[in-house]
Each structure stands twice: as structure tokens, then as C-alpha cells.
Protein chains: 2
Amino acid sequence: MAEGGAGPGGGESLLFLTDDQLRKGIEAMFFAYRGFTADPDRILERHEYGRAHHRAMHFIHRSPGTTVNNLLSILGVTKQSLNRVLRTLIDDGLVESRVGRKDKRERHLFLTEKGTALERELSEAQRGRMRSAYRAAGPQAVAGFRQVLEAMMEPEMRRQYQTLKDAGA
Amino acid sequence: MAEGGAGPGGGESLLFLTDDQLRKGIEAMFFAYRGFTADPDRILERHEYGRAHHRAMHFIHRSPGTTVNNLLSILGVTKQSLNRVLRTLIDDGLVESRVGRKDKRERHLFLTEKGTALERELSEAQRGRMRSAYRAAGPQAVAGFRQVLEAMMEPEMRRQYQTLKDAGA
DNA sequence: ATTTTATGTCAGCCTTGTTGACTTTCCAAG
DNA sequence: CTTGGAAAGTCAACAAGGCTGACATAAAAT
């Protein structure tokens, strides 16, 4: 069966590709994702919002002034679906939608002060858990974590992720 | 801000705990989870099932003869929600529900031949992606990946995961 | 002037989660 | 033996958040 090649050592270094190891990885993803969303979910419930609102706010915060189409392609949902969420956020005064100056068809999205506050509350909760996990696992583990996740993404999403990643630092 | 302490080196080894690094980890989880579910989702669509059916089949395959209550606590949904999914799987002949021998209130769940076939199709697709990701990232990265995910789980889910993990090997 | 693009909106559908109420079965304690 | 409670199943109603299709409007592009 396929001599991997990439690994430095022989034999034992391929143990991580057995079906059993892969299954463990799959289950780890499943259980970890629940933890990943648990804290924001609790906060969102208090505010009568859902994960969809969190995702929208996250990426608007990340790229202030982003257009609806842009957000659509990042989130990977239909405009009808996003619109429902966006409308409630705009109505509740968390998001502001400004008509484009150059292209007046476009709407540019921004978090209001109120929106920024909730986004911070959510992301602080989420970062809190991520920080503990990172601290517990250590820098090397974190690097590996990120490498595997990146390799797991669909190519288009990886591009989106890379773009965002670079914009940040 | 908080001198971590756990890390071996000083200064630079804490770079991975900056808010920006944490945010990148959060976005990586988000985009990677989409990739993680993409392949099974495509297969499920052809069979007119959803992710909920996949999850149920996965854990029934993992622990044949598990009870409904057991499955409930692993999946973290209500019995009404699980029951709906389970009923269609039973009606369609993918899952068999056997009355407990010792405690006849309990139902023990098993995959039928047909159920085993679909489960294999789904898990092979999912393992395929996981395998490429693992291969691309290498054994060290995989170890780190698993460490961070484990640290991210809620304590109760980590126990579930550990139990399953040990049962496998 | 026409077509294309970006956005919004209405209506309707599906899956998958929720609560609450109720029944049946059956083990176990009194 | 009766009764309490746990395990399981079922029915009803509802909500979030996906989806498709159809249509409207404004503005950019051709």
C-alpha cells in the first residue's frame, strides 16, 4: 500500500494514515467543533440570534465595508439566506449598510458600535477557548493543527482563508 | 498580559497566543469544517439523507448494539430529533433495532448490510480527504492537530471521545 | 438602448433542531 | 403485588436556517 514518501522516517511514521487513525481524526473534528461553537452559542441565545448571525458579524468585522456578494462567497450560502440574517442585524442596529460610492449598486457592510460590542463579546468567548486549547497543546501542536486544517479545506475556501489570513497580520 | 508559563522558550514562543493568531485558528476551523463535511454531504444528497443520518450511522457502526440513550448522549440532540432520523433509517432497512435481552426497554441498534454499505461509502469519502490532509501535513502536524482538537472539546465530550478512541485501537 | 450585475424581497419547501404532553413497557423497590 | 420511575416511542407545534424560483429595481457595462 502506497509508500507515502513525504515522511522523514520509515514504517512507523505512516501509522497516522491507518483507517483507525483517520477515524479518530474524524471524531475529533466532530467533538471539537461542538466545543468550538459552544461558548458563542450560549451568548447568542441570550441575544436571540443564531450562528448565522455570528458568522455574518465575524466576517463583516474582519473586512469592514465588504459587499454582500463578497460575504456570500465567503459564507457559502444563498443571498436569500444571508439576506434574512442581514436584515435583522440591520433592523436591530448592529450592522450598517452603505450604498457604494463608486458603484451605487453595491452595499458596503459595517458593524455599528452596538454590533462591534456584540462581535467582541462573541469573539472573546471563542478566543478564550481557543487560547486555552493552544496553551495546553503548545506552539508546535498549534502549527500542526493549522497545517492539517488548511489541507482539509476545499481549494476555493483555502483561497478565501489565505486572503483573510494575509490581510490580518 | 499574562505570562503563559507552559511554553519552553520565552517571548517568541507566545506569538501563537496573540488575538490575531487565535482568530486565524477560528477561521481555519470554520473553513476546514466545511471541507470536512463536503464529501459525505454530496453522497448523502444522492441518497436523500442528511448529516444527521450520517452521524447516527457513524456511531452505530462504531459501537454496534449501542442503545438509543447512549447515542443520544454522544450526539447531543433530543430523543425526538434522533428518533425521526432513526425511524427513517429503520424503515429504509439501514438500521436494525433489537429489543434488549436483559432490559427489554432498551433498543440495541445495529447497521444492516445495506446500512453498512452506505456507512462505508460515507466514511471512505471522509477518510479520503482526511488522508490527503494528513499526508500533506505529516505525522508531527497530525499529532498537533489532534492535541489541539482534544483540548478544544467540552470535558464531557472529551470523555466520550476518549472512550471511543480507546475502544478502537 | 439593451444587457448584465448587484441587491433585495416574496413565497414556499426541507432538514434538523427545540418543547411539551402523553403512552407503553418493564425493572425494581416497597 | 402494587407502584414509582426509567427507557423508549409518538404526536403536535414551532423555529432557525438552509434551499429554489420568480420577480423588482437600480446602476453599470456594452
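Note on naming: letters A, B, ... go to the chains in the order of the sequence lines (proteins, then strands), and numbering restarts at 1 for each one. Excluded from the calculations below are hydrogen atoms, water molecules and symmetry mates; all remaining heavy atoms, backbone and side chain alike, are included.
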Legend entry - Test: A:Arg129 and B:Glu154 ion pair at under 4.0 Å: yes
Inset, instruction - By nearest nucleotide on DNA chain D, pick out whichever of A:Glu48 and A:Gly76 is the more 5' one. - result: A:Glu48
Inset, instruction - With the side chain of B:Ala52 defined as its heavy atoms from C-beta on, choose the nearest nucleotide among D:dA8, C:dC27, C:dG17. - result: C:dG17
Inset, instruction - Round to a whole Å and report the spacing from CG of B:Leu86 to P of C:dT16. - result: 13 Å
Inset, instruction - Decide yes or no, distance alone: a donor-acceptor N/O pair under 3.5 angstrom between the base of D:dA6 and the side-chain of B:Arg105. - result: yes
Legend entry - A:Val77 or B:Ser97, whichever maps to the more 5' nucleotide of DNA chain D: B:Ser97
Legend entry - Under 4.0 angstrom between B:Asn83 side-chain N/O and D:dA8 OP1 or OP2: no
Inset, instruction - Pick base, sugar-phosphate or nothing for B:Arg51, based on heavy-atom distances below 4.0 Å to the nucleic acid. - result: sugar-phosphate
Legend entry - Nearest-angstrom distance from the residue atom NZ of A:Lys79 to P of D:dG17: 20 Å
Legend entry - Atom-to-atom span, CG of A:Leu89 to C1' of D:dG17 - whole angstrom: 13 Å
Legend entry - Value in whole Å for how far the C1' atom of D:dA15 lies from CG of A:Leu44: 15 Å
Legend entry - Residue-phosphate contact under 4.0 Å: B:Asn69 side-chain N/O, D:dA8 OP1/OP2: yes
Legend entry - Heavy-atom closest contact (B:Ile60 atom, B:Leu111 atom, distance): CG2-N, 3.8 Å
Inset, instruction - Determine the contact category for B:His53: base if any of its heavy atoms lies under 4.0 Å from a base atom, sugar-phosphate if only primed atoms, P, OP1 or OP2 are that close, otherwise nothing. - result: sugar-phosphate
Inset, instruction - Calculate the interatomic distance between A:Glu106 atom CD and D:dT25 atom C1'; express it in whole Å. - result: 16 Å
Legend entry - A:Lys24 and A:Asp20 ion-paired at < 4.0 Å: yes
Inset, instruction - Write down the distance between CG (B:Asp41) and P (C:dC14), rounded to a whole number of angstrom. - result: 19 Å
Inset, instruction - Test for a donor-acceptor pair under 3.5 Å between the base of C:dT25 and the side chain of B:Lys104, counting only N and O atoms. - result: no
Legend entry - C:dC27 phosphate, OP1 or OP2, under 4.0 Å from B:Arg101 side-chain N/O: no
Legend entry - hbond_proxy A:Arg84 side chain to D:dG18 base (donor-acceptor, 3.5 Å cutoff): yes
Inset, instruction - Could you tell me whether the phosphate oxygens of D:dC19, OP1 or OP2, come under 4.0 Å of any side-chain nitrogen or oxygen in A:Thr78? - result: yes
Inset, instruction - Start with the C-alpha distance between B:Glu156 and A:Arg34, add both sets of side-chain angles, then the distance that settles side chain to side chain contact (heavy atoms under 4.5 Å, CB included), and finish with yes or no. - result: CA-CA 11 Å; B:Glu156 198 183 314; A:Arg34 289 247 292 273; over 6 Å; no
Inset, instruction - Mark yes or no for whether B:Thr112, through its side chain, and B:Leu94, through its backbone, hold a donor-acceptor pair below 3.5 Å. - result: yes
Inset, instruction - Whole angstrom is fine here: how far is it from CG in A:Asp103 over to C1' in C:dT4? - result: 12 Å
Inset, instruction - Could you state the atom-to-atom distance from CD of A:Gln80 to P of D:dA24 in whole Å? - result: 15 Å
Legend entry - Nucleotide nearest B:Ser81 when distance is taken to its side chain, options D:dG9, C:dT16, C:dC27: C:dT16
Inset, instruction - May I ask you to check whether A:Phe30 and B:Phe59 place their ring centers less than 6.0 Å from one another? - result: yes
